[in-house]
Undergrad: 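Dropping the structure in here first, questions after.
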Amino acid sequence: MNARREPAEGAAALGASGSGAASQAPVWIAVRTVGALTLLLVAFYILPDHVHGVSDVVRVGAFSLCVVGFAALILMLILRGARGTVPARAEGLLLTVVASLVFFASVYDRLAGQGDQFAGLVTRTDALYFTLVTTATVGYGDITATGQAARIAVMVQIVFNLVFIGAGASVALERIKQRRRDVAPPED
């Protein structure tokens, strides 16, 4: 009998007994997720809303790069497969989705500052509200995109939501179902 245990065995033993860091991982993932979400929202409300002297070409380029970046992150999380724990993968997907929503809200807030792009969008809270309403496909009609730039940004968000957020949610739900099937005891 070898009294010396490998580190992986020790971690598995702690996790199996219900004590130690392995059983607390979902709690820390939840704390980390709530903290990151809070920081995103605080940053959305306190960071400056514009940068002077930046051309429209640079803004469109930055917008495009951000949308592609968020899409790539979501695809990476989808394609990661079974690596990592379910809570950790869910955390990554949730944070990416929320960051993309805050990004679109920032874009709408900036466009609203131009005066002719939105009707009814006055504050940053209005921008976040409009982004969430658009994502949920509710569309109350109290805030509308009236300018061409705003309409293009909204169309990009709708396509992004349908393709990437929809695919991420679908894959995440399928993986949860598969894990439940794998864990469920066989029927007699």
Undergrad: For the hydrophobic clusters of this structure (ILVMFWY residues joined by side-chain heavy atoms under 4.5 Å, transitively), does one cluster hold both Val68 and Val154?
TA: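 As far as the 4.5 Å side-chain criterion goes, Val154 and Val68 are not connected within one cluster.
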Undergrad: Is there a path of hydrophobic side-chain contacts, each under 4.5 Å between heavy atoms, that joins Val42 and Leu95?
TA: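 Hydrophobic grouping puts Val42 apart from Leu95.
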Undergrad: How close do Ala105 and Ala127 get, heavy atom to heavy atom, and via which atoms?
TA: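 Reported closest heavy-atom pair: O-CB, 3.3 Å.
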Undergrad: Taking the side chain as C-beta and beyond, is there a heavy-atom pair between Asp126 and Tyr108 under 4.5 Å?
TA: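 Not touching, per the 4.5 Å side-chain cut-off.
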Undergrad: Mind checking whether Asp116 and Thr146 have side chains closer than 4.5 Å, heavy atoms only?
TA: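 With C-beta onward as the side chain, the pair stays apart.
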Undergrad: Quick one: pull up CZ in Phe104 and CG in Leu128 and give me the separation to the nearest 0.5 Å.
TA: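 Going from CZ on Phe104 over to CG on Leu128, the span is 13.5 Å.
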Undergrad: Between Leu111 and Ala153, what is the shortest heavy-atom contact and its length?
TA: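 Of all heavy-atom pairs spanning Leu111 and Ala153, the closest is CD1-CB, 4.0 Å.
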Undergrad: Using side-chain contact (heavy atoms from CB on, under 4.5 Å) as the criterion, point out the one residue from Thr134, Thr135, Val163 that pairs with Ile158.
TA: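 Of Thr134, Thr135, Val163, side-chain contact (heavy atoms from CB on, under 4.5 Å) with Ile158 is met by Thr134 alone.
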Undergrad: Roughly how far apart are Ile46 CD1 and Arg124 CZ, rounded to 0.5 Å?
TA: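 The distance works out to 9.0 Å.
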Undergrad: Look up atom OG1 in Thr96 and atom CG in Leu101, then write down how far apart they are to the nearest 0.5 Å.
TA: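 Going from the OG1 atom of Thr96 to the CG atom of Leu101 covers 11.0 Å.
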Undergrad: What closest approach, in Å, do Gln148 and Gln117 show between heavy atoms, and which atom pair accounts for it?
TA: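 Smallest heavy-atom distance, with atoms named: N-OE1, 3.8 Å.
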Undergrad: Report yes or no: do Leu37 and Tyr45 belong to one cluster of Ile/Leu/Val/Met/Phe/Trp/Tyr joined by side chain heavy-atom distances under 4.5 Å?
TA: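 Same cluster.
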Undergrad: Nearest 0.5 Å, please: how far is CG in Asp109 from CZ in Phe118?
TA: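 Output value for this atom pair is 9.5 Å.
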Undergrad: Identify the two heavy atoms, one from Ile165 and one from Ser100, that lie closest to each other, and give their separation to 0.1 Å.
TA: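 Smallest interatomic distance, heavy atoms only, reads CD1-OG, 4.2 Å.
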Undergrad: Say whether Leu132 and Val122 are linked into one hydrophobic cluster, either directly or through other cluster members, by side-chain heavy-atom distances under 4.5 angstrom.
TA: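 No.
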Undergrad: Would Val138 end up clustered with Phe130 when hydrophobic side chains under 4.5 Å apart are linked, directly or stepwise?
TA: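 Looking at the clustering, Phe130 is in the same group as Val138.
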Undergrad: What residues, two or more places apart in sequence or in another chain, satisfy side-chain hydrogen bond (donor to acceptor under 3.5 Å, both in side chains) together with Asp142?
TA: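 Asp142: side-chain hydrogen bond (donor to acceptor under 3.5 Å, both in side chains) contacts with Tyr129.
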Undergrad: A side-chain contact here means heavy atoms from C-beta on lying under 4.5 Å apart; do Val107 and Thr131 qualify?
TA: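 No, every pair of side-chain atoms sits at 4.5 Å or beyond.
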Undergrad: Taking atom CG of Leu121 and atom OG1 of Thr144, what is their separation to the nearest 0.5 Å?
TA: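 So the gap between those two atoms works out to 9.5 Å.
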